[in-house]
Asks: 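Just dropping this structure here.
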Amino acid sequence: MPTRIKDFYELVYEVVACVPKGKVTTYGAIAEYLGQKGSARLVGWALNAVHQHRTDIPAHRVVNRNGLLTGKHHFPNPNQMQQLLENEKIKVVDNQIINFEKHFWNPVIELRNH
DNA sequence: TGATTGACCAACT
DNA sequence: CAGTTGGCCAATC
């Protein structure tokens with residue numbers, strides 16, 4: 001079992017860790033930032049095991065392109081994801097982020113020269 | 001080693 | 001408008 005994290009995972013974690021408080025991003029945006037637009041599923045895979053490698057990654061700030069909390073069931077406590085978002089002034093109704101566009105944080109733009 | 005699946009997305013039917 | 005398909009890559013069976 002490798003003690004080192006896969007490069008792809010590292011990149012995903014780094015991007016997620018750079019998401020400011022009160023902002024959210026999407027799987028597709030991260031994949032696009034990594035230059036692999038079609039690999040959004042890999043971002044999901046990376047986050048699936050995120051808690052096994054890094055427990056300090058705000059995975060609750062990553063949702064699908066609809067602003068839907070598709071990954072909440074993969075949290076230790078599904079309610080925690082929504083709770084954390086609401087704790088950051090992000091309103092969530094019916095597993096969906098209100099004013100998602102307003103809270104959207106695009107790594108491609110924010111980290112373009114990073 | 002081949003087949004299947006997965007916290008996705010976009011295009012097509 | 002809803003369901004299907006293709007694509008991308010890694011992990012599991």
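Quick note on labels: first sequence line is chain A, next is B, and so on, each numbered from 1. On a predicted model such as this, the values are computed, not experimentally measured, just so you know.
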Asks: How close do A:L68 and A:Q96 get, heavy atom to heavy atom, and via which atoms?
Replies: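 That closest heavy-atom pairing would be CD1-CB, 3.9 Å.
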Asks: Considering only the P atoms, how many Å lie between B:dC8 and C:dC1, rounded to the nearest integer?
Replies: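 It works out to 23 Å between them.
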Asks: Expressed in angstrom and rounded to an integer, what is the separation of A:Y9 atom OH from C:dA10 atom P?
Replies: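 Result: 9 Å.
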Asks: Within this structure, what is the CG-to-P distance between A:L42 and C:dT12, rounded to whole angstrom?
Replies: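 In whole Å, C:dT12 P lies 13 Å from A:L42 CG.
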Asks: Would A:E110 and A:K23 count as a salt bridge (charged side-chain N to carboxylate O under 4.0 Å, His left out) here? Give the steps.
Replies: CA-CA 12 Å; A:E110 303 293 338; A:K23 294 288 182 179; over 6 Å; no
Asks: Pick one: which of A:E88, A:H60, A:K102, A:H103 meets side chain to side chain contact (heavy atoms under 4.5 Å, CB included) with A:V24?
Replies: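 Among A:E88, A:H60, A:K102, A:H103, the one meeting side chain to side chain contact (heavy atoms under 4.5 Å, CB included) with A:V24 is A:H103.
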Asks: So, the side chain of A:S39 versus the backbone of A:L42: is there a donor-acceptor pair under 3.5 Å, distance only?
Replies: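 Checking the backbone N and O of A:L42 against the side chain of A:S39, no donor-acceptor pair under 3.5 Å is found.
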Asks: Examine C:dG7: is either OP1 or OP2 under 4.0 Å from a nitrogen or oxygen in the side chain of A:S39? Give yes or no.
Replies: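 Answer is no, no contact under 4.0 Å.
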Asks: Starting at atom CG of A:N48, determine the distance to atom P of B:dC8, rounded to an integer number of angstrom.
Replies: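 Going from CG in A:N48 over to P in B:dC8 covers 11 Å.
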Asks: Atom CD of A:Q36 and atom C1' of C:dC9: how far apart are they, to the nearest Å?
Replies: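 From A:Q36 CD to C:dC9 C1': 7 Å.
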Asks: Between B:dG6 atom C1' and A:F8 atom CZ, what is the distance in whole Å?
Replies: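 Roughly 13 Å, once rounded to whole Å.
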Asks: Find the distance between CD (A:E14) and CG (A:L34) and round it off to the nearest 0.5 Å.
Replies: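 Rounded to the nearest 0.5 Å, the CD-CG separation comes out at 9.5 Å.
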Asks: Below 3.5 Å is the cut-off: list the nitrogen or oxygen pairs between protein and nucleotides 9-13 of chain B, distance only.
Replies:
residue: B:dC9; atom: OP1; partner: A:R65; partner atom: N; Å: 2.5
residue: B:dC9; atom: OP2; partner: A:R65; partner atom: N; Å: 3.3
residue: B:dA10; atom: OP2; partner: A:R65; partner atom: NE; Å: 3.3

Asks: Provide the closest heavy-atom pair for A:M81 versus A:A59 in the form atom of the first, atom of the second, distance.
Replies: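 Closest heavy-atom pair between A:M81 and A:A59: CE-O, 4.2 Å.
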Asks: Between C:dG6 and B:dA3, how far apart are the two P atoms, rounded to whole Å?
Replies: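 Comparing P positions in C:dG6 and B:dA3 gives a spacing of 16 Å.
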Asks: Which atom names give the shortest non-hydrogen contact between A:F104 and A:A29, and what distance separates them?
Replies: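 What the structure gives for the nearest pair is CZ-CB, 4.0 Å.
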Asks: Calculate, to the nearest 0.5 Å, the distance between atoms CD1 and CG belonging to A:I97 and A:N64 respectively.
Replies: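 It comes to 9.0 Å.
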Asks: A:W45 has an atom CH2; how far is it from atom P of B:dT4, in whole Å?
Replies: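 Atom-to-atom, A:W45 to B:dT4, this comes out as 17 Å.
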Asks: In residues 72-106 of chain A, what residues come within less than 4.0 Å of DNA chain B, judged by heavy atoms?
Replies: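 Nucleic-acid contacts, sorted: A:H74, A:F75.
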Asks: Side chains of A:Q80 and A:L84: does their closest heavy-atom pair fall under 4.5 Å?
Replies: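 The answer is yes, as the side chains (C-beta and beyond) meet within the 4.5 Å cut-off.
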